[in-house]
Amino acid sequence: MPDTDASQPTHLPVHFVAQAIDEDLASGRFDQVVTRFPPEPNGFLHIGHAKAICIDFGMAQRHGGKTNLRMDDTNPAKEEQAFIDAIQEDVRWLGFDWDALTYASDTFDQLYGWACALIKAGHAYVDDQTAEQIRANRGDLNVAGTASPFRDRPVEESLDLFARMKAGEFEDGSRVLRAKIDMASPNMVLRDPAMYRISHAHHPRTGDTWSIYPMYDWAHGQGDWIEGVTHSLCDLSFEIHRPLYEWFITRLTEIGERPAGVDHGPRQIEFARGNITHLITSKRKLKHLVDGGHVEGWDDPRMPTLSGMRRRGYTPEAIVRFWTEAGVAKRENNIEHAKLENVLRSDLNAKAQRRMAVLDPIKVTITNYPEGQTEVFPAQNNPENEADGTRDVVFGRNLLIERGDYKPNANRKFFRLTEGREVRLRWAYWIKCNEAITDADGNVTELLCTYDPETRGGDNPPPDAEGKVRKVKGTIHWVQAETAVDAQVRLYEHLFEAENPEDVPEGQTFLDHLNPDSVTVVPAKVEPALAQDHPGVPLQFERHAYFVRDAEDSDGTPVFNRTVTLRDTSRKG
RNA sequence: AGGCCUAUGGUGUAAUUGGCAACACUCCAGUUUUUGGUACUGGCAUUUCAGGUUCGAGUCCUGGUGGGCCUGCCA
C-alpha cells in the first residue's frame with residue numbers, strides 16, 4: 001500500500017461511495033469490506049483506470065479490507081497474456097498490492113453448473129435464433145420485444161443443447177444461452193440477455209477446453225460473489241445492469257445455489273468515470289493512435305496510459321493524489337488538465353533535484369576572467385530539501401546561456417541580460433553584459449561580459465561606502481562550454497489541442513484534433529551531473545521544466561523527456 | 001410504453017441532513033525569493049427555472065428545463 005499520509009490530505013470530504021460503505025458496515029449488512037479491480041486484459045491501463053484502482057483499493061484500505069485483482073478474461077478473441085502482465089506491473093507501480101490475483105476464467109466450471117441449474121429452474125433457455133433475429137426481436141426503446149420461438153422449449157431440450165454447445169458441436173454464433181426475464185422490460189438489459197455465446201477461440205489460460213464463453217453480466221456478478229466481494233464498484237455505464245446483476249444472485253439464491261462460505265450477495269455501486277481535458281481515455285481510440293502510427297507506442301510519453309505517463313515522468317504519488325483530490329460523484333465531469341499538472345508539480349517540486357541545462361545556447365565570454373582558469377562551486381540540489389545536498393558545477397571564461405536570456409536594449413521589465421545590465425549566474429558570479437557580437441546577418445553570436453569577483457557563489461556584494469547593497473533582478477542558468485554534455489531533449493505538449501478531443505464537428509474524427517507539434521526534439525548542452533542521473537528519477541531543469549531521463553539514449557547521448565513545465569507567471573518585457 | 005441517472009463559481013468536489021454556501025485548481029492583483037519556480041496574502045457565486053411550506057431552503061413539496069446513459073452473441 002502506498003504511503004498515504006504524505007500524499008492524501010485528511011481534510012478531504014468523504015464521498016458517497018465511502019458513505020454507502022460506512023452505512024453498510026454500521027447497519028450490519030456487511031462486516032468487512034472486500035473489493036476488486038476487474039480489468040479486461042485487452043489493452044493497457046490508462047489514467048481513467050487509475051481512478052477505479054484508487055477507489056477499489058482505497059475503499060478496502062479504509063477499513064482494513066481486501067482487494068482482489070481480477071482479470072476479466074471472458075472474451076478470448078480480444079485478450080492476451082501480454083496485457084495480463086502489463087496490468088499487474090501498472091497496478092503495482094501505482095503503489096497497490098492485491099490480496100489475490102484471480103481470473104474470471106477460474107469460475108468457468110462453477111458458472112456452467114449454475115447455468116444448468118437456472119435452465120432446470122426455467123430461468124434460462126437455449127435460443128437458436130441468429131444474432132440478427134435476436135436484435136430484431138428485442139424491440140426498441142418504445143416497443144416491447146417479441147419472444148423467441150425457442151423461449152418455451154422444454155427444459156430437457158435446452159439442457160441437451162447447452163451441453164452440446166459446450167462440447168463444441170455447433171458453430172460460432174449459431175446459438176446462445178439466454179436468461180428468461182422480461183421481453184417487455186423498459187430496461188433493454190433485461191430483455192432476455194445472453195449468458196453464453198459459442199466461440200472456438202483459443203483462451204490464454206483455458207486453452208481450447210471451452211467452446212462457450214460467459215458474457216460479462218453472467219460472469220462478473222457471480223465472480224464477485226464467489227470471491228466474497230462485498231462492494232462491487234464500477235462506473236455509471238453499468239448502472240442499468242444492476243437489476244440484472246441482482247437478478248442472477250436472487251434466482252440462484254432461490255434455488256439454493258450459492259458459493260461456499262459466502263453469506264450475502266455483493267452490492268454494486270456506480271460512480272462517474274473521470275474525464276480530463278485534452279485527454280482521450282477510450283481504449284479503442286488509444287489503440288487507434290498506436291496502430292495508426294500517430295504515437296510511437298502504448299508507452300509513448302504523450303499517451304495517457306500509465307506506462308506512457310511513467311515514461312513521461314509522472315509519479316504514482318501524483319496520480320493517486322490527483323484522483324483523491326478530484327473526488328467521486330455521479331455527474332458527468334471534465335477535470336481541467338491544469339489540476340493534474342498542479343498536483344504533479346507539487347509532488348515533483350519536493351522530489352526533483354535541480355540541474356542546469358541550456359536548450360538554445362548562445363556563447364558568453366567573461367572577458368575579465370583568465371583564460372584556462374576554472375572554479376568549482378557547490379550548487380544546491382533542491383532548495384525544498386536541504387538533505388539532498390549539493391553538487392559541483394564548473395565555472396570558466398567560456399560559458400553558454402539561454403539565447404532568450406539576452407535581449408538587445410531591453411526595457412526595465414526584462415530582468416535578464418541586456419547591454420549594461422547585471423544578472424546573477426546561479427551559484428557562480430554576477431556578470432554584466434557589455435557588448436553583443438553579431439554576424440553578417442545581424443544574429444547575435446556571442447555576448448561579451450565581465451564578472452564581479454565580489455559576488456562569488458552568486459552572493460550579494462558587500463555594501464558600498466554609504467552602506468547600500470547592490471541588487472540584481474534576475475538569476476539565470478548557464479553551463480561551462482568545455483565541460484557541458486550533449487543531450488537530446490524532448491519537449492512534449494498536449495497530444496490534442498482541443499479541450500474535448502472527442503467532441504468533433506460532423507465529418508471529422510478525434511484524429512483531426514491531433515496537435516502536429518505535440519513533440520519537439522532539440523539538442524541541448526547540459527551540466528555534467530545530468531549524464532550521471534538515472535532514468536526514471538525526477539529532475540528539474542531550472543527555470544524550464546521537470547524532466548526525466550529516458551531509459552534509452554539516442555546515439556550515445558542521454559535523452560530527457562519533459563514531464564511538465566514550470567509555472568510561468570511572468571509577462572516578460 | 002420508454003426507462004434509469006444527474007444538475008452548486010471558469011473546472012472538480014463539500015455543506016454536520018432545514019441554520020452565515022466551504023475546499024482545491026484556474027484566472028486576476030500583490031508580498032517574499034540566489035529558479036519570472038516555491039511559499040504567502042487578497043479578489044472572483046442571485047446553488048438550472050417557476051411556484052410553495054417554513055422564523056429560516058442548496059437541502060423539503062409541486063411543476064418545468066438542461067445534460068448523460070441504454071436496443072453487442074463487447075466489457
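Naming: A, B, ... by sequence-line order, numbering from 1 per chain.
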Under the rule for side chain to side chain donor-acceptor pair (under 3.5 Å), what residues qualify as partners of Glu270(A), not counting sequence neighbours?
Arg242(A), Gln268(A)
P atom, rC23(B) versus rC44(B): distance in rounded Å?
12 Å
What I want to check is whether an N or O donor and acceptor connect the side chain of Glu384(A) with the base of rG37(B) at under 3.5 Å.
yes
Between rA75(B) and rC70(B), how far apart are the P atoms? Round to whole Å, please.
16 Å
Between rG72(B) atom P and His220(A) atom NE2, what is the distance in whole Å?
21 Å
Is any side-chain N or O of Arg543(A) under 3.5 Å from a base N or O of rG36(B), one able to act as donor and the other as acceptor?
no
At 4.0 Å (heavy atoms only), tell me whether Glu499(A) reaches a base, stays on the sugar-phosphate, or touches nothing.
nothing
Looking at Asn342(A), I'd like to know whether one of its side-chain N or O atoms comes within less than 4.0 Å of OP1 or OP2 on rU26(B).
yes
Which of these nucleotides, rU34(B), rG2(B), rG37(B), is closest to any side-chain atom of Leu141(A)?
rG2(B)
Classify the nucleic acid contact of Val328(A) as base, sugar-phosphate or nothing, counting any heavy atom under 4.0 Å across all strands shown.
sugar-phosphate
Short side-chain N/O contact from Arg135(A) to OP1 or OP2 of rG72(B), under 4.0 Å:
yes
Is it the case that Arg205(A) places NZ or CZ above or below the six-membered ring of Tyr103(A), under 6.0 angstrom from the centre and within 45 degrees of the axis?
yes
Please compare Ala272(A) and Leu340(A) by the position of their nearest nucleotide in RNA chain B and report the one closer to 5'.
Ala272(A)
Selection from rG37(B), rA75(B), rC70(B) that lies nearest to any side-chain heavy atom of Asn75(A):
rA75(B)
Thr569(A) side chain near rG37(B) phosphate (N/O to OP1/OP2, under 4.0 Å):
yes
Under the criterion ring pair (Phe, Tyr, Trp, His ring centres under 6.0 Å), which of Phe170(A), Trp210(A), Phe162(A) is the partner of Tyr196(A)?
Phe162(A)
rG19(B) to rG9(B) separation - C1' atoms, rounded to the nearest Å
22 Å
On a heavy-atom basis, the closest approach of Gln380(A) and Thr390(A) is CA-CG2, 4.0 Å
Can you pull every protein N or O that's under 3.5 Å from an N or O on nucleotides 65-68 of chain B?
unit_1  : atom_1 : unit_2    : atom_2 : d
rG68(B) : O2'    : Glu332(A) : OE2    : 3.2

With a 4.0 Å cut-off on heavy atoms, is His241(A) in touch with a base, just the backbone sugar-phosphate, or nothing at all?
base
Nearest to the side chain of Glu336(A), which nucleotide is it out of rA15(B), rG12(B), rG10(B)?
rG10(B)
For rU17(B), glycosidic torsion class - syn if within 90° of 0, otherwise anti
syn
What about the rings of Phe44(A) and Phe83(A), do their centers lie closer together than 6.0 Å?
yes
Met215(A) side chain: which of rU6(B), rU34(B), rC74(B) is closest?
rC74(B)
Under-4.0 Å salt bridge between Asp24(A) and Arg267(A):
yes
Winner on side-chain proximity to Asp72(A), out of rA75(B), rC73(B), rG37(B), is rA75(B)
Is the phosphate of rG3(B) approached by Arg191(A) (side-chain N or O, under 4.0 Å from OP1 or OP2)?
no
Report the nucleotide, chosen from rU38(B), rG36(B), rU35(B), that has the shortest atom-to-atom distance to any side-chain atom of Arg567(A).
rU38(B)
Kindly indicate whether the side chain of Gln540(A) and the base of rU35(B) share any N or O donor-acceptor pair separated by less than 3.5 Å?
yes
According to a strict under-4.0 Å criterion, is Ser237(A) in side-chain N/O contact with OP1 or OP2 of rA75(B)?
no
Please measure how far the C1' atom in rU59(B) lies from the corresponding atom in rA15(B), and state the result in whole Å.
9 Å
With respect to the side chain of Pro383(A), which nucleotide from rG37(B), rU34(B), rA75(B) is positioned closest?
rG37(B)
Take atom CD of Glu79(A) and atom P of rA75(B), then tell me their distance rounded to the nearest Å.
7 Å
Using a cut-off of 4.0 Å on non-hydrogen atoms, how would the nucleic acid contact of Asn460(A) be classed: base, sugar-phosphate, or nothing?
nothing
Between rU48(B) and rA21(B), how many Å separate the two P atoms, rounded to a whole number?
15 Å
With a cut-off of less than 4.0 Å, is there a side-chain N or O of Arg197(A) near OP1 or OP2 of rC74(B)?
yes
Phe16(A) ring center within less than 6.0 Å of Phe271(A) ring center:
no
Gap between atom CD1 of Ile249(A) and atom CD of Glu246(A) - 0.5 Å precision
7.5 Å
Under 3.5 Å for both pairing distances: what stems, at least three Watson-Crick or G-U pairs long, include RNA chain B?
B:2-7 with B:65-70, B:10-13 with B:22-25, B:27-31 with B:39-43, B:48-52 with B:60-64
Less than 6.0 Å separating the ring centroids of Tyr451(A) and Tyr429(A)?
yes
Tell me whether rG72(B) sits syn or anti, counting syn as a glycosidic angle within 90° of 0.
syn
For the side chain of Tyr216(A), counting heavy atoms from C-beta on, which of rA75(B), rU35(B), rU26(B) is nearest?
rA75(B)
Tell me whether the OP1 or OP2 atom of rC73(B) has a side-chain N or O from Arg138(A) closer than 4.0 Å.
yes
rU46(B) to rG58(B) separation - P atoms, rounded to the nearest Å
14 Å
Test His544(A) against every option in Glu402(A), Arg355(A), Arg562(A) by the side chain to side chain donor-acceptor pair (under 3.5 Å) rule and name the one that passes.
Glu402(A)
Is any side-chain nitrogen or oxygen of Asn349(A) closer than 4.0 Å to OP1 or OP2 of rG37(B)?
no
How many whole angstroms separate atom NE2 of His49(A) from atom P of rA75(B)?
14 Å
Could you check whether Ser199(A) gets within reach of a base, just the sugar-phosphate, or nothing at all, counting any heavy atom under 4.0 Å?
nothing
Suppose you measure atom C1' in rC73(B) against the same atom in rU65(B); what distance do you get, rounded to whole Å?
40 Å
Provide the distance between the two C1' atoms, one in rG42(B) and one in rU32(B), to the nearest whole Å.
15 Å
Under the side chain to side chain donor-acceptor pair (under 3.5 Å) test against Arg70(A), which residue among Asp106(A), Thr107(A), Thr102(A), Asp224(A) passes?
Asp224(A)
Between Glu375(A) and Arg456(A), is a salt bridge (charged side-chain N to carboxylate O under 4.0 Å, His left out) present by the stated rule, with each step listed?
CA-CA 10 Å; Glu375(A) 268 177 279; Arg456(A) 203 163 192 286; 2.5 Å; yes
